[in-house]
Number of protein chains: 2
Amino acid sequence: MSSNSASRPPKRPTLTDVARASGVSVALASIVMRGAEGASEESRAKVKQVAANLGYRPDSRARSLRSTRSRTLGLALALGEPLHAELADALYAQADAHGFEIILGATGKHRDERRVLNTLIDAGVEAVIGVFPELPAAQLTQVSKQLPVISLLRKVKGLPSIITDEAAGIKQLVEHLVARGHTRLLHLDGGSAVAARQRRDAFVAAAASAKVQAQVLVAGADETTAFQALHDYLEQTPRTQCASAVLAFNDRAALGARQAIDLAALQVPAQISLTGYDDSEFSRLAHADLTSVRQDVTALAEAAIHAALNASGKSSIHAPQLVVRGSTGERRP
Amino acid sequence: MSSNSASRPPKRPTLTDVARASGVSVALASIVMRGAEGASEESRAKVKQVAANLGYRPDSRARSLRSTRSRTLGLALALGEPLHAELADALYAQADAHGFEIILGATGKHRDERRVLNTLIDAGVEAVIGVFPELPAAQLTQVSKQLPVISLLRKVKGLPSIITDEAAGIKQLVEHLVARGHTRLLHLDGGSAVAARQRRDAFVAAAASAKVQAQVLVAGADETTAFQALHDYLEQTPRTQCASAVLAFNDRAALGARQAIDLAALQVPAQISLTGYDDSEFSRLAHADLTSVRQDVTALAEAAIHAALNASGKSSIHAPQLVVRGSTGERRP
DNA sequence: AGATTCTCCTAGAACGTTCTAGATATGGTG
DNA sequence: CACCATATCTAGAACGTTCTAGGAGAATCT
């Protein structure tokens, strides 16, 4: 009646079992399983056959303990972030191509980034790639003395950092809007999120150099805070003094912003333009139809894996791409 | 100029180092680090002090290799799913309380669930908790002979399965709508997603027992497919024959559905009611303001951890809760 | 024929822990 | 004083691999 997990696990077969069953030494069996050189085709065939029959799988703990080559990478990111999910997909593909496995650790508001990092390291990964919004750079560099640590989406001094050129992305958005006649821009900033400061600064700079008015609203990287911030703004600001274009920190924030706009009965893009960032799946949907900035996920992933596997890990900065959709239009005063 | 990860990792301190530095045997140092009994308070203090100074961290590979107690759980889920993110949060909290670490594996359209499972097992976890939408039950039960495998959100025969009472959730939605005069219901189904069949069947059954018309549209668990399916439906169905209420598979699907509805210039809830499932963060936003069904994430997590840690892992089924918001209303013919 | 070089194989140490089975010392008891 | 119980400690095997060093044959060279 009870589940069958109650029965004692029948010890999984070990390399010794395989060796014994195929009448060779453990060392030779190891050579075959690793695909190393030094075994005849004949032995190879036999050992592989036996291993398959027994359902043998190498124990990665023992393997990495001995060889310091676990062929496993640690990846730290936040769950529920569309961009992170995309990145993970690309990273998996890249790691695959190099014969590496990936295990993840989830960072989050309530979960200590340092601890996530430690958990991955203790599990025996060869390198860690991660999005660490809040972990102090000092701690990261400290850890990086033990094994390669690659910072994704955030520039960390002294660490290989794979990032997008935020200034370029924001500049494209601002110029796109300015070219359509907008002279009063509003940025819903990402709070403590990764890249938030870069985008905020880039926004101010780009607006200044285009000689248009710029205002920044402190918000966050999620729907709710963005909604709240913009909602308050729209209620408190006389309609005539309102910005005619809103740049949200990312697409999720734009979704929240959109709802504040709808609630204020403003038309997008007729009365107000809206932009996101990241070009998430839902930004492409008809109603959102969000002008956004696409980060080069594939290139980021490729660079991160490369930095992780080659000890001489180099930082790199990748160009984003403006994606114009229906949520931005000409300013009609 | 180059990053400092190029310098050779200064081997991390081992238990032997700690023992030597504190002038005791390795065995005693081990006892202290484990908090096992058999050491004087004096030695305890000294060893701990030395360990802290050296920055010693036990190697979980060696530890679990020897003792088959890694105090680590594997968690397999999909990235980018709000519900999964919530579950992970709750599971982390629960695991914490039991002194367990968690490492994740991401399942996904392009990633073999079996392989994710293997990666976690090879990393030395004591048990795996996972959402496995597509992995055949036979394979799961096969693996569960090696270590406890807990199925989350999907009933798998022969495996401890922690699920929500989908029939109850759907029934509440249907009855809620029927009570408001709706007699023609449409369900956007979740395709091959976990729980999709249960919800679909429950929808048909609940509609039948309430004696209202029911129609099911094949879609999927994401925004895009839901949008597409409903968009086509609204275009092809004469307005007078349209359903007056749409039950989306989950909140993400509801978001897509909402956009199809907006595009068709229908008012929610005046002309058409819409419901989601999962009560995600964004379903609470003003514009979405989505009537949904809340799964008891905390209870699910608690049950899953309990099943994973106690070999006698029991299945359980949890009651969901209807959350009424502004996206559903009286039918106005 | 001896030396050299292959190819194929193996014994045994090592990785960093935990665990078993004692050793040693301390103190109480008959 | 001999005996046992208890508390504290330790040596060394074990976990499942990989790696180093070398051995046995067979083939090639000089």
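For clarity, every value in this text was computed on a predicted model and none was experimentally measured. In what follows, chains carry the letters A, B, and so on, assigned in the order in which the sequence lines appear, proteins first and then strands, with residues in each chain numbered from 1.
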With B/R111 via side chain to side chain donor-acceptor pair (under 3.5 Å) - residues at least two apart: A/D89
The correct set of residues in residues 31-47 of chain A placing a heavy atom under 4.0 Å from DNA chain C is A/G38, A/A39, A/S40, A/S43
Span of DNA chain D, from the first to the last nucleotide whose atoms fall under 4.0 Å of chain A heavy atoms: D/dG16 to D/dC19
Mind checking A/S30 for me? I need base, sugar-phosphate or nothing, with any heavy atom below 4.0 Å counting as a touch. base
As a quick check of understanding, evaluate side chain to side chain contact (heavy atoms under 4.5 Å, CB included) for B/H98 and B/L309, giving each step before the final call. CA-CA 9 Å; B/H98 292 266; B/L309 300 189; 3.8 Å; yes
Could you check B/R61 against B/D59 for salt bridge (Lys or Arg N to Asp or Glu O under 4.0 Å), going step by step and ending with a plain yes or no? CA-CA 5 Å; B/R61 317 188 308 264; B/D59 185 314; 3.4 Å; yes
Run the side chain to side chain donor-acceptor pair (under 3.5 Å) test against B/S316 and tell me which residues pass, sequence neighbours left out. B/H318
Could you check B/V128 against B/L75 for side chain to side chain contact (heavy atoms under 4.5 Å, CB included), going step by step and ending with a plain yes or no? CA-CA 6 Å; B/V128 176; B/L75 176 57; over 6 Å; no
Can you name the residues that form a side chain to side chain donor-acceptor pair (under 3.5 Å) with B/S161, not counting sequence neighbours? none
Sorted by first residue and then second, give each salt bridge (charged side-chain N to carboxylate O under 4.0 Å, His left out) pair with at least one member in residues 122-131 of chain B; sequence neighbours left out. A/R12-B/D122, A/R57-B/D122, B/R69-B/E126
Kindly indicate, with the supporting measurements, whether the criterion side chain to side chain contact (heavy atoms under 4.5 Å, CB included) is fulfilled by A/L104 and B/I103. CA-CA 6 Å; A/L104 278 76; B/I103 62 181; over 6 Å; no
Pick the closest DNA chain D nucleotide for B/A27 and for A/S64 by heavy atoms, then say which residue is nearer the 5' end. B/A27
Do B/S144 and B/T141 meet the criterion of a side-chain donor-acceptor pair at a distance under 3.5 Å? no
Distance col, row B/L153:CG vs B/L83:CG, nearest 0.5 angstrom, shows 6.0 Å
When rounded to the nearest 0.5 angstrom, what is the spacing between CD1 in A/I102 and CG in A/L120? 11.0 Å
Any side-chain hydrogen bond (donor to acceptor under 3.5 Å, both in side chains) pairs touching residues 18-29 of chain A, not counting sequence neighbours? A/D17-A/R20
Below 4.0 angstrom, which residues in residues 50-63 of chain A have at least one non-hydrogen atom near DNA chain D? A/Y56, A/R57, A/P58, A/D59, A/A62, A/R63
The helix from C/dA1-D/dT30 to C/dG30-D/dC1: angle between terminal helix axes, five bp per end, to the nearest 10 degrees, reads 60°
Salt bridge (charged side-chain N to carboxylate O under 4.0 Å, His left out): which pairs involve residues 92-105 of chain B, sequence neighbours left out? A/R115-B/D96, A/R115-B/E101
Listed pairs under 3.5 Å, donor-acceptor, residues 27-35 of chain B side chains, sequence neighbours left out:
residue: B/S30; atom: OG; partner: B/R34; partner atom: NE; Å: 3.1
residue: B/S30; atom: OG; partner: B/R34; partner atom: NH2; Å: 3.0
residue: B/R34; atom: NE; partner: B/S30; partner atom: O; Å: 3.3

Under a 4.0 Å heavy-atom cutoff, the residues of residues 17-24 of chain B touching DNA chain C are none
Would you compute the distance between atom CZ of A/F100 and atom CG of A/L91 and round it to the nearest 0.5 angstrom? 13.5 Å
